[in-house]
Peer 1: 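Could you have a look at this structure, given as structure tokens, before my questions?
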Amino acid sequence: MTLKWMAVVVAAVSLTLCVTANVVVGTVHGGDQVPFLVNVLAIAATGTAVVLAVVADLHERLNARITALTEFLIARLNELDRNTGDHNTGFVEGYLLSRNQDSAVVPIGPRLHGRRAMLGGDD
């Protein structure tokens, strides 16, 4: 049983016990009252359970919306990935094929170690 429904059951039972105790004590014992502390505890338990049930319901709704949004986003991103592909690769290959050039890798020359300072015409 989920938290929401357990809180609803606790609220219903607590309120029912409070009302039943007041009715039974009032009719059987000739107009006596249930102690104030018992009524306050029953009403506090009912109120707390109602608030907990509302918060649990809001949490379930929020979780469902986040799940639906996540599934929608995943589906949309997968659709975009299927439709898009890698256009840059096709562009470069197409450009090289149109120029009739092989796409060979050319190594970069060795880097010079240190810096050369040029002042004016000193070369």
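These values consider heavy atoms only, across backbone and side chains, with no hydrogens, waters or symmetry-generated copies.
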Peer 1: For Ile74 and Asn78: C-alpha separation, side-chain torsions, deciding distance, then whether side chain to side chain contact (heavy atoms under 4.5 Å, CB included) applies.
Peer 2: CA-CA 6 Å; Ile74 289 171; Asn78 286 337; 3.6 Å; yes
Peer 1: Kindly state each residue pair satisfying side-chain hydrogen bond (donor to acceptor under 3.5 Å, both in side chains) with at least one member in residues 47-57, sequence neighbours excluded.
Peer 2: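 Applying side-chain hydrogen bond (donor to acceptor under 3.5 Å, both in side chains) to every pair that reaches into residues 47-57, excluding sequence neighbours, yields Lys4-Asp57, Asp57-Arg61.
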Peer 1: Output side-chain donor-acceptor pairs under 3.5 Å for residues 64-71, partner residues at least two apart or in another chain, one line each.
Peer 2:
unit_1, atom_1, unit_2, atom_2, d
Thr67, OG1, Asn63, O, 2.8
Thr70, OG1, Ile66, O, 2.7

Peer 1: Does Val38 belong to the same Ile/Leu/Val/Met/Phe/Trp/Tyr cluster as Val25, with side-chain heavy atoms less than 4.5 Å apart forming each link?
Peer 2: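 As far as the 4.5 Å side-chain criterion goes, Val25 and Val38 are connected within one cluster.
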Peer 1: Rounded at 0.5 Å granularity, tell me how far CG in Asp32 sits from CG in Asn22.
Peer 2: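 With rounding to 0.5 Å, CG (Asp32) is 11.5 Å from CG (Asn22).
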Peer 1: Measure the shortest side-chain to side-chain distance between Thr46 and Cys18 over non-hydrogen atoms and say whether it is less than 4.5 angstrom.
Peer 2: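 No; the side chains remain at least 4.5 Å from each other.
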Peer 1: Would you say the side chain of Thr2 lies within less than 4.5 Å of the side chain of Glu60, judging by non-hydrogen atoms?
Peer 2: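 SC-SC contact between Glu60 and Thr2 confirmed.
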Peer 1: Would you confirm whether Ser14, through its side chain, and Ala45, through its main-chain N or O, come within 3.5 Å as a donor-acceptor pair?
Peer 2: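 Flag not set: sc Ser14 to bb Ala45 has no pair under 3.5 Å.
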Peer 1: Quick one: does Val9's side chain get under 4.5 Å of Val13's, heavy atoms only?
Peer 2: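 Val9 vs Val13: side chains touch.
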